[in-house]
Amino acid sequence: MTDEGFLAVEDVSKWYGDEQVLHDVSFEMGAGDVTVLIGPSGSGKSTMLRCVNRLAEAQEGSIRLDGVDVLDPGTDVNELRREVGMVFQGFNLFAHLTAVGNVALGPRRVLGLSKSDAMERAREELERVGLGDQFDSYPAELSGGQQQRVGIARALAMGPKLMLFDEPTSALDPELIGEVLSVMHDLVDDGMTMLVVTHEMSFARAVADEIVFLDNGRVVERGPPEQLFERPEHDRTGRFLERIAGHD
Ligand SMILES: Nc1ncnc2c1ncn2[C@@H]1O[C@H](COP(=O)(O)OP(=O)(O)O)[C@@H](O)[C@H]1O
Ligand SMILES: [Mg+2]
């Protein structure tokens with residue numbers, strides 16, 4: 001928790017056609033911080049994440065990442081995406097490539113590493129996510145939890161300064177969720193800066209420096225987990241948390 005403005009999102013608004021899906025969203029985080037975005041389906045969580053790496057275009061407001069003006073038309077989007085790793089709900093691995101092949105692809109193609117250096121980096125990152133024994137497995141031979149860990153290794157192999165996670169465990173069978181959360185917990189311990197969308201509230205409570213509750217594209221409230229979970233300021237926050245707890 002160093003400089004607060006490592007990622008600074010200020011008054012971000014976004015429309016899809018006539019529908020405004022983000023309304024003046026603001027939050028900021030320091031390097032090494034973990035922020036968890038929570039909120040009902042359709043509240044704009046994925047859109048907010050996608051604005052940070054410009055997979056979606058915010059029409060108003062500002063986003064600064066480590067001194068870079070993300071929304072500036074002059075900002076190099078490819079460089080931005082190299083620095084911002086993203087892990088999705090679906091794993092989107094290449095079926096014809098092994099675990100190592102999937103993870104080595106970015107370092108080889110995008111970072112320009114030699115084949116052997118890219119493979120070595122891929123093996124290191126697979127070891128980091130506990131898949132040191134699955135280098136040569138194809139996605140179809142891996143469980144959903146293992147595939148998602150390959151997805152995390154793939155993002156880490158680019159050496160990101162910020163990791164975005166969009167419901168990384170939502171597609172997994174319940175018994176596989178823990179291994180993915182455990183890898184994410186290790187990343188937190190390593191000091192990775194992480195912006196995470198999840199419904200896993202015990203994980204959020206354990207690792208988040210701040211929780212941001214979005215509803216209908218607006219930040220209803222944000223604060224440390226103790227505050228949000230135990231003394232929410234808004235009825236809507238309390239009601240949402242009760243609903244989520246009911247599904248645990
Ligand atoms: N590509 C898109 N085109 C049009 N509308 C979209 C698109 N992506 C998301 N939306 C709309 O934006 C709103 C927020 O969606 P989303 O960010 O996916 O919410 P969440 O991730 O919280 O479920 C929803 O009303 C959704 O239908
Ligand atoms: Mg979403």
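As the structure lists them, so they are numbered: ligands from 1, and atoms in each ligand from 1. No hydrogens, no waters, no symmetry mates; every other heavy atom, side chains included, goes into these values.
Donor-acceptor pairing under 3.5 Å is lacking for the side chains of D136 and T98.
The immediate protein surroundings of ligand 1, defined as residues with any heavy atom under 4.0 Å of it, consist of Y16, E19, V21, P40, S41, G42, S43, G44, K45, S46, T47.
Metal site remark for the Mg ion (ligand 2): S41 contributes no N, O or S atom at a distance under 2.8 Å.
By the 4.0 Å N-to-carboxylate-O rule, R128 lies too far from D186 to be salt-bridged with it. Here K45 does not pair with D166 in a salt bridge; the nearest charged N to carboxylate O distance is not below 4.0 Å. No salt bridge links K14 with E57; every basic N to acidic carboxylate O contact stays at or beyond 4.0 Å. With respect to the salt-bridge test (charged N to carboxylate O, under 4.0 angstrom), the residues R205 and E230 qualify.
Taking every heavy atom of both residues into account, A153 and L126 meet most closely at CB-CD2, 3.9 Å.
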